[in-house]
Structure formats: C-alpha cells, structure tokens
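Scroll down for the structure; my scribbles are underneath it.
No hydrogens, no waters, no symmetry mates; every other heavy atom, side chains included, goes into these values. Each chain gets a letter, A, B and so on, in the order the sequences are listed, and its residues count up from 1.
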Amino acid sequence: MPEILIQYEAEIWGAIGETFFMVGVAILAAVLVGLPVGTLLYLCRKDHLLENRAVFSTVNLLVNTIRSFPFLLLVVFLIPFTRLIIGTAIGTAAASVPMAIIAIAHYSRFVEQSLLEVPKGVIEAAVSMGASVKAVIFKFLFVEARSGLVLGLTTSTISFISYSTIMGVVGGGGIGDFAIRYGYQQYKTDLMMYVIVIMVILVQLIQYTGTTVSRMIDKR
Amino acid sequence: MPEILIQYEAEIWGAIGETFFMVGVAILAAVLVGLPVGTLLYLCRKDHLLENRAVFSTVNLLVNTIRSFPFLLLVVFLIPFTRLIIGTAIGTAAASVPMAIIAIAHYSRFVEQSLLEVPKGVIEAAVSMGASVKAVIFKFLFVEARSGLVLGLTTSTISFISYSTIMGVVGGGGIGDFAIRYGYQQYKTDLMMYVIVIMVILVQLIQYTGTTVSRMIDKR
Amino acid sequence: MIKLRDVSKRFGDFEAIKSVSITVGQGEIYGIIGASGAGKSTLLRLMNVLETPDSGEVTVNAQALTNLSGKKLRDARKSIGMIFQHFNLVANKSVYDNIAVSLQLAGYPRKERRRRVLECLQFVGLEGFMHKYPAQLSGGQKQRVAIARALATNPQVLLCDEPTSSLDPNTTAEVLGVLEDVNKRLGVTIVIVSHEMGVIKSLCSKVTVMAKGEVYETLSMKPEGVPDIDNNPKYFVDQLQKDGSRDDT
Amino acid sequence: MIKLRDVSKRFGDFEAIKSVSITVGQGEIYGIIGASGAGKSTLLRLMNVLETPDSGEVTVNAQALTNLSGKKLRDARKSIGMIFQHFNLVANKSVYDNIAVSLQLAGYPRKERRRRVLECLQFVGLEGFMHKYPAQLSGGQKQRVAIARALATNPQVLLCDEPTSSLDPNTTAEVLGVLEDVNKRLGVTIVIVSHEMGVIKSLCSKVTVMAKGEVYETLSMKPEGVPDIDNNPKYFVDQLQKDGSRDDT
Amino acid sequence: GEDQENTDNGETQDENEEQNQEQEEVTLTVASLISPMTDILELTEPMLAEEGIDLQIEVLGDNVQPNAALANEEVDANFFQHVPYMEEYNRNHDANLVPVEEIYFANYGVYSEEYDDIDHLPEGSVIAIANDPSNVDRSLTLLDQHGIITLDEKTGNYYTQSDIIENPNDYTFEEVDLLMLSRMYDDVGAVVMTPAYAEPLGLTPKNDALLTEGTDNEFAITLVAREDNVDDEAIQKLAEAMTSDEVREFLEENYDETAIPAF
Ligand SMILES: Nc1ncnc2c1ncn2[C@@H]1O[C@H](COP(=O)(O)OP(=O)(O)OP(=O)(O)O)[C@@H](O)[C@H]1O
Ligand SMILES: Nc1ncnc2c1ncn2[C@@H]1O[C@H](COP(=O)(O)OP(=O)(O)OP(=O)(O)O)[C@@H](O)[C@H]1O
Ligand SMILES: [Mg+2]
Ligand SMILES: [Mg+2]
C-alpha cells in the first residue's frame, strides 16, 4: 500500500464511514419515502389508478422545487429544519438531512418512470381481480417494475455519493470531502488520486451489485 | 417586479443566458454522445445484440469512473483537457466541457435503462426481418423506448442545471451561481429567493415540456 | 345475473359498442361470436366495467356496477373471474404465484392456497410448470395459466375472452370440460367470446352474434357437450387422414 | 428449400427439441401440428435461427444459416418472412409504419412502399386502420397487421406461427386464401404451425405432427383448398343453427 | 490625451508611445472571489479606465482556481489570498506567484452568541472553524495565540487538529465551510471567523469579538501577480489604484474594523 495511504489510513476509514452513513441515510429515505412519493406521482397521473390533478401537481411541484435548488443552497435553506430534528446543523448526522431530502426527490422520479413502463394489461388483470390500490402496488406494480426500480436505486445511490461530496460545507465529512480537502486544497495530488480510486472501486461495486441483482430478479 | 430584481435585471438575464449555454451544451453532448454510449452499453450486455464483455466492461467502468469523481474534482481534473480544446480553463465556455462530460456519463445510464424496458419480442421481430444493428437501433429500439428516453432526458436536464450551479468554481457563472454568490456569500436572502423562484419556474417548465412530449409520443 | 342495458362505448370518435342490451341468466353459458373487430372483447370488458361505458347500465349479481366505486366495486369484481385475450400474466411472478395471488386477493385462507393452486394447475395440465416464469412458457401454456388463475377463486361469473385460441384440440377439449364442470357443479355463470364455432356449440345455451358494435342476433341453442378426445399425438394423424367435414375451417 | 438436420435445442435442462430432421420442399405449404408445448414454435424459430440450435444444421435456400453470421445472415433472413405467435408489433409505430418498416429493411424502393402497404392492408381487410396504433386494435386486427407485415416484402419463405389463432372463420378463410395465392402465384414456400385442423387440411401438402420435442409422424396429403365463406354475420347464425359435425372442435 | 497619461512613467515612455500608436487600451484580468475583494476591484475600475486600462473581474467560486488561472496566464493577477497561502501554492505547483501589494487585514475573531467572555465558554463546548487547511491553521493559531489551546511545533505546512497538544477545556472543533460559519452562530458555543462573515450577523471585531487576531500578522489580503508580469505598468497601476485614498475611505466607511487597510 502506498505510504501516504498508510499515513492517512485512520482518516480515510473514518471518511468512508461518514460516506456510508450519509449515503445509507439517503438510500433509506429514498426507499422509505421516495418510493411511496414516486408511486403516488404515478398513480395520480392522468389515466392512472388514482388520477388526481391536484395531488399530482402539488407533489410534482414539490419534487421539482427541491431539484431546482442549487444543492449548496438547499443545505443552507434546510438548516433550521435540520436543527429542529437533529438538534444541530453541523456534522455527519446533520448532513444526512439534506441528503435525505434530495434523495427522496431524486429517487421518486426514477420510481415514477419505472412504473410507467409496466404494461397496462398487468394492471388491468389486477383490477379485474378486485385488487385494492395497495394490492395493485405491492403485488403487481412493484413486482413487474422491480428490475427497473433496482437499477434506478443503483443510479441514485451513485448520485447520492456525488452529492455527499458537497456535505463538507456543514462538516459532513465523507470520502469525497476528504479528497477535496486533503488532495485538492492541500495539493496532495497523489493522495487525491488514491482516494478517487477508492471511490471508483466503491461506485463500481455498487453498480455491479445493482446490475446483478436487477438481472437476477428480471424474469421478463 | 420587486425592486431588487429590477436592480439586478441585467445580471440575472446574463446569468440565465450562461445557464442556457452550459445546459444547452450538456444536452447536446447527452444526445450526441450519451445516447450512443448508452445504446452501446445496452447492446454489449449479456444476451444482447452485440454481446461483448470487453467493450461492456470498459465503457461501464469509464462511465462509473466519471460518475465517481466528486464533481468539483472532475472539473479540476479536466482543466488540462478543457484548456486544450477551449484554449482557457475559465469562463462559461470552459465550464461547458466538464458539463458535457458529466452529461454523457449521466444520460448514458438512463438510455441503457430505458432500452432494457423494450420488450424482447420487438427486437426479435426486427432481427427476423434481417435488420442491421443500425436499423434495430433507429427503427425499433429508439422508437419503442422513446417516451422513456424523453423522460430520462428531462430528468437529466434538471440534473444538469443542478450541476451547472457548481460551475462558478471556474467562472462559469449561471443562474445558480448567481444565487449562491448573492444569496449564500453576500446574504442577500431576498434576491436569492427570487432567483430560486426563477429556477423553480425554469425546472417546472422543462419538466412540463418533457412530460407532455413523452406522453404524446407514447402510443403503447 | 349479468345485464347490460343500452351500453355504449366510444374510442375517440370510433363507436366500438352501440347501445347494446344483453341478459345473461344465472348459471348460463353464454357465447359471443362475431368477426374480428366486431366489439366482442370490448363488450366483455364492459361486463366487469374494466371499460367504463359512456352510457347505459351494467348490472351483475343484482348490483349496478356502473354506480359502484371503491371497495364495493372491488368486492363485486372478486366474484367475477376473467380470462384475457392476451393473458396479461405477471411476467415476474412464477406460474404458481400468478395463480396464488388471485387466491390471496380473494381472501383465500393461506394454508389452502397451495392445494388449490396445484388443483387448478392440474385442471389445465401444467402440474410440472409451477416454478417456471411466463417467458419460459409456450403460447398455449400461458393461456392455460391464465385460465387456471381465473378459475382458482371459484368466481360466480367467469368472463372468457377467446380462452382456447392458442390451444390444440385436446387441450381445448380438456379446458372446455373444466368449464362445463364448474358450470354444472358450482353453477358458475360463464360468458365465452370465441371465434371457434366448435367451442361455442359444445357449451353455450345462448349465443349473441356481434357485428360492427351491435347485436346482430341472439340465438338459444342446445349445447352439444364437450367431445371426448384422446390425449395422444395419434389423434392428429387420424384427423388429418380422415376426410372430415370442414364447417369450422 | 428448408432443411433441419438433427437439430436440438435445450432451455436450461429442459430439452425442447430433440434431434429433429425435417425437409420442406421449394414451393410447398408445410404444416406443423401438435399439442401445446410440443415444441412447434421453437422448431419454427429454429428455421430462421432466431433460436440458435445447440446442435444440428439449419439450411434455407441452400445456405447453411447455422454457419452464417453478420450481413450474410441478415440478408438470408430478408427473404424469410415470419408471423409470430404473439405478433410482436412495434407499439409506437402506426399500422402503416409497422408494415412500411419491413419494406424499408428489405430495400423496397421508397415510392412503391405506400402502394405496397395499402395493398397488403387490403389483403387482410384493414384498409381503414392505417393510422391506428397497435394498442387501439382488437386481437384479430393485431394478428392481421402481423400477417400483412410478413407478406409485404414478398419473401421466398414464410414462417407462420398460429397465424389465424385470433381470427374468426371468415377472416381466417380470407387470410388462408391470401397464403394459398402467394404460394401458387409467387411460389412462396410456407410453413404453418397451427392447432386448427381445418387450417392445416385446407392448405398443407405435408404435415409433421410434433410430440414432446420430437417428430411423431410426417404425412403427405392433398390440400382441400380454402372454403369460400361469405363475409356476413349471417354466416355465424347459419353455422350455429346447422347441425354440423364437430371433428375440429 | 493618452500621451499625457503615460508621461509620468519616464522609463517606459518610448515603449508606451509605440504602443499607443497601435492600441490605446490594455485589458487587465483579475480573478477574485467575494466582497469586499470584488468591491475594491470594482471601485478601481473607473480609475483604471482613465488610464486606458480595461479592468475585467473574473469571479471564481473556489480558492484554488484563482491561483491556477493566474499561473496558467489565464488571468493577469488575483486578489483573494494572503501571502502564506500563495507561498503554499508556489511550493506545490512550482509556480512563480509574487505578492504585489497588501491591501487589507481581515481581522479574524472568535464570536459567541451566548457568552460575552471567552472564560465563560463552558468545558466541552463546540467551536466552529473554517474547513480549508489554511484557515484551520489560522483559526488554531489564533486560539493558540490567546492560550485557549496549545499547538505543537509546526511539522507540515499547516496546523491541523492533530497538532493540538493541550486543550484544557476539552473543546470540540467542528470544521465547516467558510461561508457556513456565520450560519452556525446560534448552533455552537463559539465561531472563529473573518469579519466579512461576521458582518451579516451585525457583529464587528471591535464590539463583539471575544478574541481577535489584530493586524500583527502575515495574513493581509494581497494583490498577487506572476514574476513575469509583476512589473508591468498595468499591474502597478492597479496596485496604485487599490491603495488609493478612495479605497481607504471605502473600507473605513463600509468595513470599519472588519477590513483594516494594510497600506
Ligand atoms: N425460453 C424458454 N425457457 C424455458 N423453457 C421454454 C422456453 N421457451 C419454450 N420453453 C418450453 O419449451 C417447450 C416448447 O415450447 P414451444 O413454444 O415450442 O411450444 P409450442 O409447441 O409452440 O406450444 P403452443 O402450441 O402452446 O404454442 C414448452 O414446454 C415450453 O415450456
Ligand atoms: N383503445 C382503443 N382505441 C381505439 N380503438 C379501439 C380500442 N380498443 C378497441 N378499439 C376498436 O374497437 C373495435 C372493437 O374491438 P374489440 O377488441 O372489442 O374487437 P373484437 O370483437 O374483440 O375483435 P377480435 O376478435 O379481433 O379480438 C375494433 O375495431 C378496435 O379497433
Ligand atoms: Mg377480441
Ligand atoms: Mg407456440
């Protein structure tokens, strides 16, 4: 292992841990909130199961608004909210709040798009069996769209890592911030490159896992 | 119109122009390069038309590598390249180079995923007619996946706007950078909020256009 | 049991169903026949309001489906099984799960589900295909899964859109036998859309001929019963060698 | 014309086609029949190597397709039309474009395309449906578009997988008439997979009965010709009222 | 008119006369970051225009790029940093950046919302500091200077938190973005920041800081150019304009104690 990596080993592990924490929270938020929100967007669309212009427009505007904010400003904008729920606006935990918000907005679009690819006939079959909306979602929509949902989550996760690199502004830390601060700002180019290699490996692993899982569960 | 907007009117228009330029270049790159790259990823996948492990792995790694870089570091990393083709590394034109690169990596994933949703039967029909790979792509794949491709480009465009807000680092300017400079750095909160409203409107327009077009061309 | 009163349906400015009235009696096997594009599928889909009529009323089991919504409509649909012309199987569910899910939705007790799924698979001759996915099935096998799925919940009404279009004569006879059986034994009301004269003749006691979105004529008739066919490839050879009449083309 | 020599095909550990040898002569109309799941579709898909055989050789038009690849294989396929069991239409192309694209791929001159598309749509009775999309068609209409698409390029070989499964007797007769015509007039070699005995009997001069992935028997026979059927809903009424024999179920 | 303007610089007079025949205007591009840096540059714009110099201000958003752009001759000067920071860049990039003129001191200070004396800051409090290496160094140095913590001998180029050898009150240091410091004011025990960032909160070093850095240090914000162009007339004119009375008045009027003129 290159000497400089050994020298910074503890910091690097720490930074990786922070990245995992922030990205983990983002993934959780994406799945627990983004998935329902994206599903709602899909269901409330014109000609869909719960067609509802008002709800669709509102949620759509909300998602777009979050995605319109320069991420840095979103972080600033959310500070009061972050303080409210975490108690402080700095540190890794606090940084997870804007991460979670952006993750929700980001993934919900993927979910909406994946669900739009589900053949209408399958939904019709579900409806003809008297399936409740909940059953249509869990037993048909999600089943039929699952490989797209997994691929979307994979792509999103990689975006979350990218977003997490900005979280240094509120002391979020993380491996990307480490690369920026030690590598870029302190001109340790070799250290920076090693850290980037670590990130590439990390991303590659995530992509590989996502692709494999998505292929495995795709029976179409 | 609020007075502060009138006061900064010229700058805001200038900034909007810069955003349009950078995002425009990104969209062009996404369509002209990202679309082919994504299609290549799809075609070279296991069990697909041009199955080729080597090409797939290489392109996949390349795309992942670009997406692994913290965007700030990608910008920095690309400076020599930018200088080579633009002649300078600062300013709006120079900022378009990293924008284009990230746009390609970003959109190619969307393209790959959209193409994966095309029913196998349609490809089989094309193959049975003796369609060349080119014909399969242009007359079948893109036709059948078009609504997904448009939705993906819409989502990507909104991401590009988000990326463009970071381009202030190399003097790229743009509306997001304007908001950051005046709002974040100079604490002109009202001006910042107005600018963000402009961005929300812009994003909302893009989303609306994308959604409408995608629905119009979806005959499935 | 099923009553359509002056039901109409337009697609854009094309009138697919023009003020059709039909009554299907309790326990009847009712046929619908007609040229391609006559509106048979649309009519069938109106019977469980998968297609909402532009005007007119649909009544099933004394409930006006056209006035129901939400939970009530869902409950009404639970007693109406449907076999789709294009099967509409869930591609990511195994054969077993495609059938099990309909049982689950109908509130079938958990432990009986497995038995019932296997029973239905046996009806359609797919015992060994439980763990396969639709993409691994032949056309006829897919259709049989769709039939098993519709039968599984013991619905009171069964809407069948060309249920034997992909099946060979043996399998067709088997499936028709099953339909005849559930009708006789359990009193299930069955509506069959089919272009195969033989299918209609063997089962139906009443047939409506559709033409251009309208009822051309409705006839009562005596079902001829399902023929006994030997499940053996030799059957094909015999039939080919025989100088049979050809009224069914 | 078409020669399969010891062709085998496995899906996982299931042997769908077990060392089958078949020869289809130039200008012949060849039938394949058999139970659901017997391997008919797979066999047909092997003939234009949409399914690559695990072993054995496929020769069409004196070219060993199993040895070809790239441009040569594509060119060979251009003279082989195919009608799929599940149609495989391009959902985002209009009826017109679905047919036009096959002409374009075959290198049909631009200005003649329109004429040819309209001609083919007329063969299948869909003149007015040019601007519709597949989702707006009935099952039989979709199938007819698939037939028109396969016929359009005047292929030398036509592979038909249950080409009339969704068609009523009138339309079936019409389509069979078209097939008979292209065979007689243009010498097109036709392979038809069908479970409808009537279809096979009226056209085929040779029939293979498949069972469990193997050839059970191959028979030569005299085609009975396509019956003349009146395109009128009254036909259905007459047929229903008639005490016809039921050998075709 | 142009001749007149150039005659006061005797040694290059001939050259200038030649230049003036072909072209009257010189363009000078200067990279900068935020106000008051950009304000000072804007203030000198009309003065330089009179001298036939067209001043272009290139606002960048990051504190490495202005040096990179200068070293690569994409700009002629920059104005955003102190000399130690510039030297650090030179060391690492083999660059030849040179200071032209010190313009103002940003008087670093420690601020607290709750406590009005540093002695009241309880044990274990969180102190927010800027997160870039030179400012971490500077913040820690300030605290060391007032005996809040004790730092080891400097081994690398910058002090980092690991150089703290004594921290009697057990303070925790949270590193955040420069621009985030003021936004953390009511979140933490104390914040170490420059007056420019304290100003939006209505805080000044004179009235509100618990500790300040004063002017007795090497951290004056400096106009920087390259070795090869530092003697150019235009650069010198810029330096002159930036140290003019107008700028001094501007700073004293608008940035009392927060940007102390260094000239
Ligand atoms: N992709 C696949 N994976 C696994 N098994 C398959 C696959 N395709 C076909 N099979 C199996 O191969 C057998 C033959 O299938 P094939 O589609 O050729 O039948 P067929 O004779 O056309 O039947 P049908 O009349 O029902 O269309 C079937 O048992 C089917 O389950
Ligand atoms: N969604 C739709 N949009 C437009 N037209 C439609 C739509 N669905 C059906 N149609 C048209 O309505 C008519 C009746 O269709 P339907 O599917 O009921 O016919 P069918 O009698 O079932 O025919 P087949 O025997 O071919 O299945 C057809 O002409 C068809 O083109
Ligand atoms: Mg139909
Ligand atoms: Mg088949």
Side-chain angles (χ1 to χ4, degrees), chain A residues 3-4 7-12 14-15 18 22 70-95 97-98 163-174 176-193, chain E residues 61-68 71 81 84-95 97 113 125-139 155-162 172-192 197 200:
Chain A
E3 203 186 319
I4 192 154
Q7 186 189 337
Y8 284 96
E9 197 180 335
E11 277 100 331
I12 291 177
E18 287 158 354
M22 287 187 287
F71 188 48
L72 182 64
L73 295 188
L74 184 68
V75 173
V76 175
F77 187 80
L78 287 174
I79 285 178
F81 177 66
T82 305
R83 204 169 276 146
L84 195 75
I85 58 173
I86 306 282
T88 171
I90 54 178
T92 310
V97 174
Y163 281 117
S164 78
T165 63
I166 307 180
M167 296 314 299
V169 292
V170 287
D177 183 51
F178 182 88
I180 292 172
R181 283 174 52 198
Y182 286 84
Y184 176 58
Q185 293 182 342
Q186 294 199 34
Y187 315 113
K188 297 206 169 83
T189 310
D190 53 345
L191 181 61
M192 176 172 98
M193 291 317 292
Chain E
D62 156 283
N63 48 21
V64 175
Q65 287 314 307
N67 279 338
Q81 66 193 324
Y85 187 80
M86 181 203 75
E87 285 168 346
E88 179 64 18
Y89 184 85
N90 278 343
R91 252 198 306 282
N92 284 287
H93 293 82
D94 218 9
L97 308 187
E113 155 135 83
S125 292
V126 174
I127 300 179
I129 61 177
N131 67 357
D132 57 297
S134 75
N135 280 311
V136 170
D137 175 280
R138 191 171 172 185
S139 306
T155 48
N157 301 317
Y158 297 117
Y159 280 124
T160 66
Q161 288 198 44
S162 54
T172 311
F173 299 95
E174 280 282 4
E175 301 176 10
V176 302
D177 188 66
L178 264 179
L179 292 158
M180 211 42 98
L181 288 168
S182 59
R183 295 175 167 93
M184 295 301 156
Y185 183 59
D186 36 8
D187 209 58
V188 293
V191 180
V192 186
Y197 300 124

Heavy-atom pair of closest approach, residues D187(E) and I90(A): OD2-N, 3.8 Å

message: Could you measure the distance from the OG1 atom of T189(A) to the NE2 atom of H93(E)? Nearest 0.5 Å is fine.
response: 5.5 Å

- prompt: Rounded to the nearest 0.5 Å, how far does CD of E11(A) lie from OG1 of T160(E)?
  reply: 8.0 Å

message: Using side-chain heavy atoms (C-beta onward) and a distance below 4.5 Å, is M184(E) in contact with T88(A)?
response: no

query: Side chains of K188(A) and N92(E): does their closest heavy-atom pair fall under 4.5 Å?
result: no

Please state whether the side chain, the backbone, both or neither of [X] comes within less than 4.5 Å of a heavy atom of chain E.
{"X": "R83(A)", "result": "side chain"}
{"X": "Y184(A)", "result": "both"}
{"X": "I79(A)", "result": "side chain"}

- prompt: When you look at M180(E) and V76(A), which way does the side chain to side chain contact (heavy atoms under 4.5 Å, CB included) test go after all the steps?
  reply: CA-CA 8 Å; M180(E) 211 42 98; V76(A) 175; 3.7 Å; yes

